[in-house]
Number of protein chains: 2
Amino acid sequence: MVNASMKDVAIKANVSTATVSHVINETRYVAEETKKKVYAAMRELDYQPNSVARSLRSRKTNIIGLLVPLVASDTSNFFFMSIANGIEQVLKENGYNLILSNSGEDLEVEQNQIKVFNTQFIDGLIVAPVDSKEHDYRENLHGTYPTVFIDREPKDRVGDTVLIDSGAGTYDGIRLLIKKGHHRIGYITGPLGITTSDERLAAYRRAFTDNGLALDEALIKEGKATFETGEELTEELVKEGVTAIFVANNVMTMGAVRYLQDHKVRIPDDVAIIGFDDYDWLRITSPPLSVVKQPSYELGRAAVEFLIDRLNGNEEPYRLHRLPSELVIRGSC
Amino acid sequence: MVNASMKDVAIKANVSTATVSHVINETRYVAEETKKKVYAAMRELDYQPNSVARSLRSRKTNIIGLLVPLVASDTSNFFFMSIANGIEQVLKENGYNLILSNSGEDLEVEQNQIKVFNTQFIDGLIVAPVDSKEHDYRENLHGTYPTVFIDREPKDRVGDTVLIDSGAGTYDGIRLLIKKGHHRIGYITGPLGITTSDERLAAYRRAFTDNGLALDEALIKEGKATFETGEELTEELVKEGVTAIFVANNVMTMGAVRYLQDHKVRIPDDVAIIGFDDYDWLRITSPPLSVVKQPSYELGRAAVEFLIDRLNGNEEPYRLHRLPSELVIRGSC
DNA sequence: CTGAAAGCGCTAACAG
DNA sequence: CTGTTAGCGCTTTCAG
């Protein structure tokens with residue numbers, strides 16, 4: 001059986017479609033008697049309101065787009081997946097649905113997807129922009145719907161932005177290492193030039209100067225954010241005679257640990273290590289890994305709250321919000 | 001500026017809306033001259049077709065729903081996240097969008113979400129049903145859109161189903177342990193009574209009988225799928241004097257490893273272990289963990305292919321497809 | 001307290 | 001080769 005329309009219900013209940021609509025949406029007073037008739041008709045016909053028609057009329061889809069930059073790696077993906085999870089949950093609580101899309105860290109794909117979204121689809125957009133300080137989002141984001149940027153700060157503020165203050169966790173980590181007597185602390189980072197990487201490195205430097213320590217630039221190693229590069233850079237650092245390593249990237253953290261394990265470098269006795277991002281799995285590495293934890297789920301929640309605020313008509317200037325990161329101390333330092 | 005409609009374009013180009021529509025959709029012949037005028041008008045007005053109106057008319061949203069049962073655990077979630085990733089990718093290749101929704105392993109939430117989807121929203125649904133052999137999906141799935149079930153088999157077949165043959169990987173794992181001389185092989189599983197758990201346990205039994213070995217029922221431990229339960233059951237097994245443990249659940253695998261580490265039980269010398277599901281992180285446990293790997297990403301792809309086949313009008317009886325699982329041998333056995 | 005009717009933006013049958 | 005026009009199912013104004 002094909003779905004019954006509102007008209008069918010109206011006929012069966014002997015009322016107008018207007019009344020049916022008002023009963024459904026509780027948008028004007030309807031006599032109890034009439035309501036009952038309408039409900040009965042709805043039940044009998046197994047009526048399901050057509051949300052597409054409703055959207056067309058009300059110019060509201062109740063759908064929010066989410067654009068994340070996943071690449072082929074469990075580790076880095078998990079961060080965004082976790083954000084997505086938080087977002088979906090809060091969205092549902094507020095009666096919204098989530099369209100998930102992946103830019104694959106590819107600017108072109110990202111911009112294309114935004115164009116698709118521009119086709120009147122979504123009521124709002126949350127985007128973790130592709131790594132790039134260059135791109136101008138004003139090109140495709142015309143303000144038809146509110147946008148919230150997460151995790152990475154876009155060049156031009158075209159919406160609220162929610163970031164994680166990963167510098168704070170980094171600072172705490174380095175300070176702890178220094179307090180434990182480490183002076184030659186290696187630093188491994190993914191490509192610099194993107195906000196998150198730069199922020200963390202700055203914190204590393206700051207921790208040194210704040211503690212009156214000289215910093216050896218040779219101990220700062222930058223490379224691609226891969227397992228293998230993590231291994232290589234760790235090797236370089238070990239040869240430099242570091243007693244501790246801070247890895248500012250999750251995937252590289254694994255490579256670093258692997259190198260130390262493979263070369264029988266004892267953690268933390270020979271080399272202490274602090275990594276980035278927290279996962280259940282880190283409880284079963286040996287020793288359990290100390291890391292800077294980013295509140296991914298909370299980031300998702302916050303982003304939605306900002307977005308809903310805009311959807312409710314908030315017209316204030318765009319805001320920038322930072323969530324704290326946290327140093328989780330386990331056995332590796 | 002508010003978005004231009006097709007009518008605006010038609011007026012500006014001095015043609016009818018029908019022509020504009022046909023130009024856009026290439027659905028009937030239009031003279032080159034006319035086309036050019038239309039394109040020009042579109043560009044000038046920055047015209048974006050309204051997909052909601054289009055959907056209302058064509059009764060097709062190009063949106064596919066995905067319903068997964070995430071709970072608050074990195075480990076188990078990652079499996080479904082990875083599936084979602086595969087699904088999104090293939091969907092995009094085919095011009096579809098993905099609405100992501102989480103049932104939280106709660107039957108009521110799941111059924112509610114299906115009801116939301118029934119509101120004419122989606123063109124198709126992929127669902128990893130909540131753990132339960134009881135529920136009758138025919139109640140809410142009326143065949144208005146095709147549905148594909150993944151990972152878990154529902155009681156009544158109301159759509160194609162794509163599963164992973166995790167029994168095969170389990171069988172291989174047990175066989176390998178037996179071949180290595182283990183006879184007392186403990187088995188840890190999450191709650192029985194759901195298809196995946198039952199299948200794996202059956203494979204365990206089969207591996208024993210196929211090898212002419214007696215099986216000690218006391219070595220089969222069932223419990224909640226949590227880290228802590230994994231630890232507890234491992235303790236019980238160690239006290240039973242097992243020389244190897246097979247853990248048929250990802251979260252419990254971590255608990256098991258943790259227990260062995262904490263109690264200085266050497267892996268694999270004192271107790272060999274094989275776990276479930278593969279993650280990057282398992283490369284840095286010590287020793288690196290051997291596991292049964294499930295092709296989550298491929299599962300996603302396969303599900304979409306089935307769905308699209310249905311959307312293209314395939315009316316054959318529902319099919320059941322199984323993807324192979326794979327034993328990944330590292331250092332823990 | 002309720003109904004009639006316009007119209008959201010688009011597609012497609014029908015007509016030329 | 002192109003235009004006219006009737007809806008898709010709903011919301012909402014205006015009128016009673």
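Numbered from 1 within each chain, the chains take letters A, B, ... in sequence-line order.
- Phosphate proximity of C:dT11 to B:S58: absent, as no side-chain N or O sits under 4.0 Å from OP1 or OP2.
- For B:D123, the salt bridge (charged side-chain N to carboxylate O under 4.0 Å, His left out) criterion is met by B:K60, not counting sequence neighbours.
- Ion pair A:E88/A:K92 flagged as a salt bridge, since at least one NZ, NE, NH1 or NH2 atom sits closer than 4.0 Å to an Asp/Glu carboxylate oxygen.
- Counting heavy atoms from C-beta on, the side chains of A:Y297 and A:R301 come closer than 4.5 Å.
- At whole-Å resolution of the value, CG in A:L56 and P in C:dA6 are 17 Å apart.
- In this structure, B:V148 and B:H321 have side chains that are not in contact, with every pair of non-hydrogen atoms separated by 4.5 Å or more.
- Nearest-nucleotide positions on DNA chain D for B:A53 and B:E33 put B:E33 closer to the 5' end.
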Going through the checks in order, is the side chain to side chain donor-acceptor pair (under 3.5 Å) test met by B:Q113 and B:S101?
CA-CA 8 Å; B:Q113 187 58 47; B:S101 188; 3.2 Å; yes

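- Atom pair B:R57:CZ and D:dG7:P shows a separation of 10 Å (rounding to whole Å applied).
- A salt bridge links A:E32 and A:K35; the closest N-O separation between the charged side-chain nitrogens and carboxylate oxygens is under 4.0 Å.
- The two residues A:E110 and A:P129 come nearest to each other via the heavy atoms OE2-CA, 3.2 Å.
- Here the C1' atom of nucleotide D:dC8 and the CZ atom of B:F121 are 17 Å apart, to the nearest Å.
- Residue B:V30 is classed as a sugar-phosphate contact, given heavy-atom separations below 4.0 Å to backbone atoms only.
- Comparing B:V15 and A:Q48 against DNA chain D, the residue whose closest nucleotide sits nearer the 5' end is B:V15.
- Side-chain N/O atoms of B:T19 include one lying less than 4.0 angstrom from OP1 or OP2 on D:dG3.
- The pair B:E105-B:R152 meets the salt-bridge criterion, since a charged nitrogen lies less than 4.0 angstrom from a carboxylate oxygen.
- A search for ring pair (Phe, Tyr, Trp, His ring centres under 6.0 Å) contacts involving B:Y137 returns B:H135, B:F149, not counting sequence neighbours.
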Which pairs, protein N/O on one side and nucleotides 14-16 of chain C N/O on the other, fall under 3.5 Å?
none

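- Rounded to whole angstrom, the span from the NE2 atom of B:H22 across to the C1' atom of C:dA12 amounts to 6 Å.
- Out of C:dC10, D:dT11, D:dC8, the shortest distance to the side chain of B:S5 is found at C:dC10.
- Within 4.0 Å (heavy atoms only), A:A31 reaches sugar-phosphate atoms of the nucleic acid but no base atom.
- Rounded to whole Å, atom P of C:dA12 lies 12 Å from atom NZ of B:K60.
- Side-chain N or O atoms of B:N102 include none that pairs as donor or acceptor with a backbone N or O of A:N85 at under 3.5 Å.
- For C:dT11, the OP1/OP2 oxygens have a side-chain nitrogen or oxygen of B:N25 closer than 4.0 Å.
- When each of B:I114, B:V158, B:N112 is checked for a side-chain contact (heavy atoms from CB on, under 4.5 Å) with B:N140, only B:I114 meets the rule.
- Shown here are the ring pair (Phe, Tyr, Trp, His ring centres under 6.0 Å) partners of A:F121, two or more places apart in sequence or in another chain: there are none.
- Among the nucleotides C:dG9, D:dT13, C:dA5, the one closest to the side chain of A:T17 is C:dA5.
- Taking five base pairs at each end of the helix from C:dC1-D:dG16 to C:dG16-D:dC1 and finding the rotation axis that steps the C1' atoms of four pairs onto the next four gives two axes whose angle is 40°, to the nearest 10°.
- Atoms OH (B:Y47) and C1' (C:dC10) sit 7 Å apart, rounded to a whole Å.
- A heavy atom lying under 4.0 Å from DNA chain C marks none of the residues of residues 35-44 of chain B.
- Checking the phosphate oxygens (OP1, OP2) of D:dG9, a side-chain nitrogen or oxygen of B:R59 falls inside 4.0 Å.
- As a whole-Å value, the separation of A:K7 NZ from D:dC10 C1' is 12 Å.
- For the pair B:N14 CG and D:dT4 P, the interatomic distance rounds to 11 Å; values are reported in whole Å.
- When each of D:dT11, C:dG9, C:dA12 is scored by its nearest atom to the side-chain atoms of B:N50, the top-ranked nucleotide is C:dG9.
- Using a 4.5 Å heavy-atom threshold, the side chains of A:Y145 and A:T147 count as touching.
- The side chain of A:S16 contributes an N or O atom lying less than 4.0 Å from OP1 or OP2 of C:dG3.
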